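Note that this is a predicted model, so its numbers are computed, not measured.
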Amino acid sequence: MFGASGGVGGALAARLADRGYEVAALTRKPLPDWPGRQARFDLEDEASLAAAAAELKDGAPIRRVIVATGLLHAEGVAPERSNSGLDATQLLRLYAINAVGPALIAKHFLPLLPRGERSVFAALSARVGSIGDNRLGGWHSYRASKAALNMLIRTMAIELKRTRPEAILVGLHPGTVDTDLSKPFQRSVPEGRLFTPDESAKRLLAVLDGLRVEDSGAVFAWDGARIPE
Ligand SMILES: NC(=O)c1ccc[n+]([C@@H]2O[C@H](COP(=O)([O-])OP(=O)(O)OC[C@H]3O[C@@H](n4cnc5c(N)ncnc54)[C@H](OP(=O)(O)O)[C@@H]3O)[C@@H](O)[C@H]2O)c1
């Protein structure tokens, strides 16, 4: 579980551990309360991803990889409200965290998936990364970085089909979830549509359980619906 320190990632890791899976928590900083295996990585440091892959490769077989990292706002980073708010540094930062980092994780971890049996690699994306679904505008760098992630997923899934036909590579939209990432933007969320991280994790795991190899390369929402490209 990449991003086990985050809201959705923490809930996914806890639910998978409750199911009895051996879950390795991959984070930037140590997780003091995690009882299982841990490893460090930073999305902006490919060598740390290669080192994490080398470290985990000799443990239990890796049948699921979930990347629950992401960035929407931070110090000096805020979603754009207008075209004039575009800023090259912010655009590149969101690309680095939301698209490049998860794709490099896939580069280093897809080769570790077993051959000849079902496995799943899922990266948390977002519905706003859908080009076809974009009617509101705004949030340029977040939208564009998630659209880029979705394209990388589709592209890598095509090769994966040839090398590991039983493996599934998808993007996931977790719904709007009550985490640090969504905190400043929760006022406009309709009543009953703000999930707890645990509720979202429960739904996402149900989606992952139901995926078939034909679904590889696509992006699915928390309710199992396929998100348009
Ligand atoms: N929450 C929502 O409503 C919502 C909606 C749609 C999509 N999503 C997507 O769902 C995913 C999870 O979001 P969340 O709400 O759980 O966010 P969150 O609580 O803010 O967690 C973000 C995670 O990303 C990690 N991260 C950020 N930069 C990193 C880096 N350079 N290296 C390694 N890890 C890094 C954070 O690690 P640290 O703890 O070290 O900072 C944290 O574990 C994201 O991809 C987000 O875009 C969320």
Any donor-acceptor N/O pair, [X] side chain to [Y] backbone, under 3.5 Å:
X    : Y    : answer
T196 : E199 : yes
W34  : A4   : no
R64  : S119 : no
R40  : T27  : yes
Q38  : L31  : yes
S216 : V213 : no
R154 : G217 : yes
S145 : A99  : no

Considering only heavy atoms from C-beta outward, does the side chain of [X] approach that of [Y] to under 4.5 Å?
X    : Y    : result
V65  : M1   : no
Y95  : S141 : no
I66  : L204 : no
I97  : R93  : yes
R127 : D133 : yes
V170 : L211 : yes
F41  : T69  : yes

Could you walk me through whether R115 and E166 satisfy the salt bridge (charged side-chain N to carboxylate O under 4.0 Å, His left out) test, starting with their C-alpha distance in whole Å, then the side-chain angles of each, then the deciding distance to 0.1 Å, before giving a yes or no? CA-CA 7 Å; R115 288 180 192 277; E166 291 88 0; over 6 Å; no
Quick check for you: to the nearest 0.5 Å, what is the distance between [X] atom [atom1] and [Y] atom [atom2]?
X    : Y    : atom1 : atom2 : result
K57  : H108 : NZ    : NE2   : 12.0 Å
L12  : D198 : CG    : CG    : 9.5 Å
L172 : L205 : CG    : CG    : 9.0 Å
L149 : L94  : CG    : CG    : 12.0 Å
D42  : R28  : CG    : CZ    : 5.5 Å
I131 : K146 : CD1   : NZ    : 14.5 Å

Hey, are H140 and Q90 close enough side-chain-wise for a donor-acceptor pair under 3.5 Å? no
I'd like to know if the side chain of Q186 pairs up with that of T176 as donor and acceptor (distance under 3.5 Å, no hydrogens or angles considered). no
Assess the pair F109 and F121: is the distance between their ring centroids shorter than 6.0 Å? no
Would H73 and Y142 count as a close aromatic pair, with their ring centres under 6.0 Å? no
Do NZ/NE/NH1/NH2 and the carboxylate oxygens of [X] and [Y] come within less than 4.0 Å?
X    : Y    : answer
E117 : R63  : yes
D215 : R226 : no
R19  : D209 : yes

